[in-house]
Amino acid sequence: MVWPTEFDIKLDEYDAMELPGQQLSSSHACSPLDHVLNLDIKAAPGVQRLTGIVASMGKSTNDIGTMEKMIAAGMNIAMLNLSYDTREENAETIKTLKQAAKNISVVMGRSYPLAIGARLPGRKIRTGKIAESYGETVELKTGEVVRLTTDETYRDKCSMYTIYVDFMYFADQLHKGDMVLLDNEQIMMKVEIISTTTLTCKIERGGFLGSYKDVFVPNVVFDMPNFSERDKLDIDMLLHQQVDIIVAAFVHSSAAITELKCLLGEKGKKIALVANIQTIEGFHNFDDILSISDGVIITRQELGSDITPKKLVIAQKNMIARANKANVPICVSAALLSSMRYKKIPLRAELLDIANCILDGADSLMLCAETAVGLNPIDTVACLASASKEAEACVWSKQIFHDLTDKATDAGIPFKVVIAVYSRLRVVAIQSDSPDTDWQTDLEKRVNFCTKWAMGQGYHPWSRLCRHNNLELCSGISDQVPVSLKREEQLICSFWCCKCP
């Protein structure tokens, strides 16, 4: 469950008991077919969104007013791409985001928990800057020839004839016939001639190329370090700015996350480390990566190029299921609402894609260019938030609960599993700086506070004696609470279930 926004509907005091706003008739189904047959298009979506929204920062979001409105619309994590802008500019963006969160907190009357993340360039290969004499873009026409070079002379002088690539050994590790993709696969070229620093390529699919666009070669694993010297300087900046999340790009194995932990050291032990899965190697080593990461991101653009787009649906469903089983948060990225980069109304296919990701089990969804350089970043976040709530109402949480609890192997896991299931079951955690010395008294105070807060949000309070779907195993005050939870004196959870009478 994520923090409420101004767009979330609050029900009246009495309606909260009678109108939970979910697909309740389908939730009691006994088979997948029954569940789908009982879905009602007239049913209201859930009161509260459960899926996290990650929004990329860029030139469209640089002013504090836009940031505040994006937070109000539902942004939960602000993500910086360190491939762009200078280190000083990125540090300033982080400070502005923190101030925006403070401003929103004052308006809301409570602290808004905005997380700030940053994506390291890592193994990402990019083009150089388009020469000023050509403007912002150059046109690469299908059938023509272009040179890709690692010669530093062309770093800031890219044109339709010569394009700089920022990996020194790029030409050494490619072969004649390899396909090179630029700018999220928009432009495709085939390697014809190879020299020491230059590849002469024939353009198979043309388009307009801007500055600092990504370069990807399907089915080629480059021999290059996981983190460059630039990355290490960026890490120092991120430690100083106290960010919450660091994303490692093109993670092929768990070794990259282990190396990142060493680079962060003791100062970065509280920072969540997220692995970006973008290649078939990362897919093959997914379980090992899960075992050491705090979260994972599936970037479908590069992954789809590596395993072919037709197999992407299988890879996405498989990885999400494995992450759910391991209780590791998973995010889906790339082209969720790409049409809203220029328009205020999304395509119907994009809304269905969002719903499919949520029904697959994704914990959060990421907006990239849609917010970073799009014309409508605030509308895009609001659209994703509303579409997510509609899709969440269709999740068959009863079956998910049974599927995941069947995978439990020890007494501590069921409680974690219940929290991991973003279903009709709500989990509210209350942390106190000065807890009561008597654990039972402190518990009662927290439960009472949670109950009042949840009623204000329109939730139905779940009785402590609830036995619906065997949920008593995680009752906040029964003896069945895992012993490990009871030892956490500053944390107690209270639950709300919309299926209870």
pair [X]-[Y]: side-chain heavy atoms closer than 4.5 Å:
X      : Y      : value
Val373 : Tyr84  : no
Val146 : Met160 : no
Leu120 : Phe227 : yes
Val220 : His175 : no
Ile354 : Thr51  : no
Leu238 : Ile271 : no
Pro329 : Ser364 : no
Ile292 : Leu273 : no

Do any N or O atoms from the side chain of [X] and from the backbone of [Y] form a donor-acceptor pair under 3.5 angstrom?
X      : Y      : value
Asp360 : Ala362 : no
Arg123 : Val221 : no
Ser60  : Gly374 : yes
Thr200 : Glu192 : no
Glu259 : Asn226 : no
Gln301 : Asn184 : yes
Asn62  : Thr93  : no
Ser386 : Cys383 : yes

inquiry  = Please give me the minimum heavy-atom distance between Leu114 and Met75, naming the atom from each residue.
reply    = CD1-O, 3.9 Å

key: Smallest separation among heavy atoms of Ser254 and Ile289, with atom names   = N-CG1, 3.8 Å

Rounded at 0.5 Å granularity, tell me how far [atom1] in [X] sits from [atom2] in [Y].
X      : Y      : atom1 : atom2 : answer
Ser253 : Asp288 : OG    : CG    : 8.0 Å
Met224 : Gln173 : CE    : CD    : 8.0 Å
Thr299 : Gln278 : OG1   : CD    : 4.5 Å
Ile358 : Leu50  : CD1   : CG    : 9.0 Å
Gln241 : Leu239 : CD    : CG    : 10.5 Å
Cys394 : Asp40  : SG    : CG    : 10.0 Å

task = Report, as yes or no, whether the 6.0 Å neighbourhood of atom CD on Gln242 holds more than 12 heavy atoms from other residues, nucleotides or ligands.
result = no

query = Passes side chain to side chain contact (heavy atoms under 4.5 Å, CB included), Ser56 versus Asn81? Steps please.
reply = CA-CA 7 Å; Ser56 297; Asn81 190 335; over 6 Å; no

query = When you look at Ile298 and Ile320, which way does the side chain to side chain contact (heavy atoms under 4.5 Å, CB included) test go after all the steps?
reply = CA-CA 9 Å; Ile298 302 173; Ile320 290 177; 4.1 Å; yes

Do the side-chain N and O atoms of [X] and [Y] include a donor-acceptor pair separated by under 3.5 angstrom?
X      : Y      : result
Glu370 : Thr380 : no
Arg126 : Tyr212 : no
Asp231 : Ser228 : yes

query = If you look only at pairs with a residue in residues 299-308, which of them pass as a salt bridge (Lys or Arg N to Asp or Glu O under 4.0 Å), with sequence neighbours excluded?
reply =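 Counting only pairs at least two positions apart or across chains, the salt bridge (Lys or Arg N to Asp or Glu O under 4.0 Å) contacts touching residues 299-308 are Lys124-Glu302, Arg300-Asp353.
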
request  = Before accepting this row, confirm whether a basic side-chain N of the pair Asp156/Lys129 lies closer than 4.0 Å to the acidic partner's carboxylate O.
outcome  =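 Answer for the salt bridge query: no.
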
ask   = Are Phe170 and Leu199 close enough, and set up right, to give a side chain to side chain contact (heavy atoms under 4.5 Å, CB included), and what steps lead you there?
value = CA-CA 9 Å; Phe170 187 71; Leu199 298 171; 3.3 Å; yes

query = What residues form a side-chain contact (heavy atoms from CB on, under 4.5 Å) with Leu209, not counting sequence neighbours?
reply = Val138, Leu140, Ile163, Leu182, Asp183, Ile187, Lys213

task = Going by the side chain to side chain contact (heavy atoms under 4.5 Å, CB included) test, name the single residue among Asn76, Val274, Ile77 that passes it with Val54.
result = Ile77

message = Show, in sequence, the C-alpha distance, side-chain angles and deciding distance for Lys389 and Glu392, and conclude whether the salt bridge (Lys or Arg N to Asp or Glu O under 4.0 Å) test is met.
response = CA-CA 5 Å; Lys389 289 201 292 184; Glu392 288 160 5; over 6 Å; no

query = Mind checking whether His35 and Trp396 have parallel, tilted or perpendicular rings, split at 30° and 60°?
reply = parallel

key: side chain to side chain contact (heavy atoms under 4.5 Å, CB included) between Thr96 and Glu92, intermediate numbers included   = CA-CA 6 Å; Thr96 307; Glu92 191 61 34; 4.3 Å; yes

